[in-house]
Amino acid sequence: MPHFHIEYSSNLEDAHDMSAFCEALRATAAGIDAFPTPGIRVRATRVDHYAIADGDPAHGFVDISIRLRAGRPSEVKAAATEAIFEAARAHLAPLMANRSVALSLEMRDID
């Protein structure tokens, strides 16, 4: 496993192809040795109710949560986190060039 859960603000629904975003993250994860390909799961959930920063409804967010089985060394997890975040940033760059989008990522071990 890792399981990727992406939450994104509903105002990005028509502005970005979230299916393509999921596929970009899946492809990046599949290239990381610490992530066994058969266990990779990527899903995205639109969030309809949210408040961001100064309340401007044009602001958006993409929050990525990665859950994985414990046991990987911290340096392996740090490198994987960096690779996934860079893939996300690159894929979202055209969107982020034209509007305010907060991008965040967290990786955590689960039992």
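Atom OH of Y50 is separated from atom OG of S9 by 4.5 Å, given to the nearest 0.5 angstrom. A distance of 10.5 Å separates CG in L25 from CD1 in I40, rounded to the nearest 0.5 Å. Atoms CG and CG, from L95 and L92 in turn, are 6.0 Å apart once rounded to the nearest 0.5 Å.
Here salt bridge (charged side-chain N to carboxylate O under 4.0 Å, His left out) pairs that include residues 91-111, with residues two or more places apart or in two chains, are K77-D109, E106-R108. Counting only residues at least two apart or on different chains, the side-chain hydrogen bond (donor to acceptor under 3.5 Å, both in side chains) pairs with a member in residues 24-34 are E23-R26. Pairs of residues two or more places apart, or lying in two chains, that qualify as ring-ring contact (aromatic ring centres under 6.0 Å, His included) and include a residue from residues 84-103 are H16-H91, F21-H91. For residues 37-58, the pairs satisfying salt bridge (charged side-chain N to carboxylate O under 4.0 Å, His left out) are R46-D48, with sequence neighbours left out. Screening residues 5-16 for salt bridge (charged side-chain N to carboxylate O under 4.0 Å, His left out), with sequence neighbours left out, gives no hits.
The nearest pair of heavy atoms linking P57 to N11 is O-ND2, 3.0 Å. Summarising the geometry of P2 relative to I66, their closest heavy-atom pair is CB-CG2, 4.1 Å, with the distance given to 0.1 Å.
Tracing side-chain contacts under 4.5 Å through hydrophobic residues (I, L, V, M, F, W, Y), one reaches F4 starting from I32; they form part of the same cluster. Residues V101 and I52 do not share a hydrophobic cluster, clusters being chains of Ile/Leu/Val/Met/Phe/Trp/Tyr side chains in contact below 4.5 Å. Cluster membership for L103 and V42, using ILVMFWY side-chain heavy atoms within less than 4.5 angstrom, is shared.
Residues meeting the side chain to side chain donor-acceptor pair (under 3.5 Å) test with R69, sequence neighbours left out: none. Partners of T81 by side-chain contact (heavy atoms from CB on, under 4.5 Å), not counting sequence neighbours, listed by chain and number: L105, M107. Under the side chain to side chain donor-acceptor pair (under 3.5 Å) criterion, D17 pairs with no residue at all, not counting sequence neighbours. Looking at residues two or more places apart in sequence or on another chain, you find no side chain to side chain donor-acceptor pair (under 3.5 Å) involving E82. Take E75 and apply the side chain to side chain donor-acceptor pair (under 3.5 Å) test, not counting sequence neighbours, and it matches no residue. Legend: residues meeting salt bridge (charged side-chain N to carboxylate O under 4.0 Å, His left out) with R72, ordered by chain and number and at least two apart, are absent. The side-chain contact (heavy atoms from CB on, under 4.5 Å) check on A44 picks up I6, Y8, C22, with sequence neighbours excluded.
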Practice prompt. Just do the side-chain hydrogen bond (donor to acceptor under 3.5 Å, both in side chains) check on S100 and H59 with the steps written out, would you?
Written response: CA-CA 5 Å; S100 169; H59 296 316; 2.9 Å; yes
